[in-house]
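In what follows, a structure is listed as structure tokens, so that the remarks can point back to it.
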Amino acid sequence: GKVLTLFNGSNLASNTVVATSPFPTSLGQVQVSIGGLPAPIYYVTPTQIAAIVPYAVAGPIAMVQVTNNGVLSNAVPVYVNLTSPGVLTASENGLGYADALRPDYSIVTAANPAVIGETIAVYLTGLGAVSPPIADGAAGPITTYSEVAAGSVTAAIGGVAATVVYAGLAPGYSGLYQLNITVPAGLAAGDNYLYISGPDASNAQSKIPISISGSTSAPETTASAVPAARKQSPGRLKVDPKAKRPPSPRSGGKEDRPP
């Protein structure tokens, strides 16, 4: 389920083509095989491709190979884990501020920090298998949410454990996961590292800015809705708070919009 980017290649595709959801296994006469299985493709360029690792790929090593207009590339080995969390960030490189929304759908930034006690939605990839399962490349369901196994993903902010309210696919989007977490008490004001752990991998490269003033008296139980995913440079997913949003997990299946 993780978005895998192949970069610094040559002759990977004839043109730049970006797919819409559900992602196809052939795009611009290009196919990608991961572990012998056809991989859904997000975009192709002559030097870079983003594809989704099929849920059925088995490890510990899988071979990746590209076919461009019938011509096979060399095969490259990659390690396979059950999970490999990768948080989307404002800087588009996995570092700096995480792509996250507050309950009013505003983007979490240094000027608009998350507040202790509220639930924020963090967007990422690589949380692994979900239930109910979906087809490779399909968008996350917007009625019966596809979630990871209960308790398999944990989170902390600034080294303090944070309650995970929801961990699963972002409704309505392919290759995107959503992690709703409640900001814990006991944090220092300012930038705090976000820790996300699965059963066999973890990530601690992004940050969440925190305000200790105006803290809510009790944790939120309803998370904010998923943002739109739009192309910045090829393959970059960014928060777009102005776009129409599908229902958010735990919102009772109704479209939830900011006031």
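Values reported hereafter were calculated over all heavy atoms of this structure, with side chains retained and with hydrogens, waters and symmetry mates removed.
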- prompt: Out of L124, L179, N203, I157, which one pairs with L194 under the side chain to side chain contact (heavy atoms under 4.5 Å, CB included) rule?
  reply: I157

statement: Between the OG atom in S131 and the CD atom in E147, the distance rounded to the nearest 0.5 Å is 8.5 Å

- request: Count the heavy atoms of every other residue, nucleotide or ligand shown that sit under 6.0 Å from OH of Y55, and state whether that count exceeds 12.
  value: yes

Closest non-hydrogen atom pair, A167 against V153: CB-CB, 4.5 Å

statement: Minimal heavy-atom distance between D136 and P54, with the atoms involved, is OD2-CB, 3.3 Å

message: Going by ring-ring contact (aromatic ring centres under 6.0 Å, His included), name the residues that satisfy it together with F23, two or more places apart in sequence or in a different chain.
response: Y42

field: Donor-acceptor contact present, side-chain T89 to main-chain G94, <3.5 Å
entry: yes

- prompt: Which heavy atom in K2 sits nearest to a heavy atom in T125, and how many Å separate them?
  reply: CA-OG1, 3.4 Å

query: Is there a donor in the side chain of Y145 and an acceptor in the side chain of Q178, or the other way round, less than 3.5 Å apart?
result: no

- request: Quick one: pull up CG in L176 and CG in D99 and give me the separation to the nearest 0.5 Å.
  value: 9.0 Å

- request: Measure across A162 and P184 and return the closest heavy-atom pair with its distance rounded to 0.1 Å.
  value: CB-CD, 4.0 Å

query: Can you tell if the side chain of I181 reaches within under 4.5 Å of the side chain of I120, non-hydrogen atoms only?
result: yes

message: Within the 4.5 Å heavy-atom criterion, are T16 and P46 side-chain neighbours or not?
response: yes

field: Any M63 side-chain heavy atom under 4.5 Å of V78 side chain
entry: no

query: Any side-chain heavy atom of Y166 sitting closer than 4.5 Å to one from V164?
result: no

message: If I take atom CD1 from residue I52 and atom CD1 from residue I41, how far apart are they, to the nearest 0.5 angstrom?
response: 10.5 Å

Side chains of V122 and V87 in contact at under 4.5 Å (non-hydrogen atoms): yes

task: Could you check if a side-chain atom of L95 sits within less than 4.5 angstrom of a side-chain atom of Q205, using non-hydrogen atoms only?
output: yes

field: Between D200 and T83: side-chain donor-acceptor atoms closer than 3.5 Å
entry: yes

- prompt: If you take all heavy atoms of S91 and G96, which pair is closest and at what distance?
  reply: OG-N, 4.4 Å

query: Taking C-beta and beyond as the side chain, do P77 and I61 meet within less than 4.5 Å on heavy atoms?
result: yes

A50 to V3 - nearest heavy-atom pair and separation: CB-CG1, 4.2 Å

Point-to-point distance, once rounded to the nearest 0.5 Å, from CG of N68 to OG of S14: 5.0 Å

message: Within a 6.0 Å radius of atom CG on N112, are there more than 12 heavy atoms belonging to other residues, nucleotides or ligands?
response: yes

query: What distance separates L6 CG from Q48 CD, expressed to the nearest 0.5 Å?
result: 8.5 Å

message: Hydrogens and angles aside, do T119 and T182 bring a side-chain donor and acceptor to less than 3.5 Å of each other?
response: yes

- request: For the residue pair S33 and Q65, confirm or rule out a side-chain donor-acceptor distance under 3.5 Å.
  value: no

message: Between Y173 and I107, is there shared hydrophobic-cluster membership here, with clusters defined by ILVMFWY side-chain heavy atoms closer than 4.5 Å?
response: yes

- prompt: For the atom pair OG (S73) and CG (L12), what is the distance rounded to the nearest 0.5 Å?
  reply: 7.5 Å

task: Using atom types as modelled and distance alone, determine if a side-chain donor or acceptor of Y97 lies under 3.5 Å from a backbone N or O of A100.
output: no

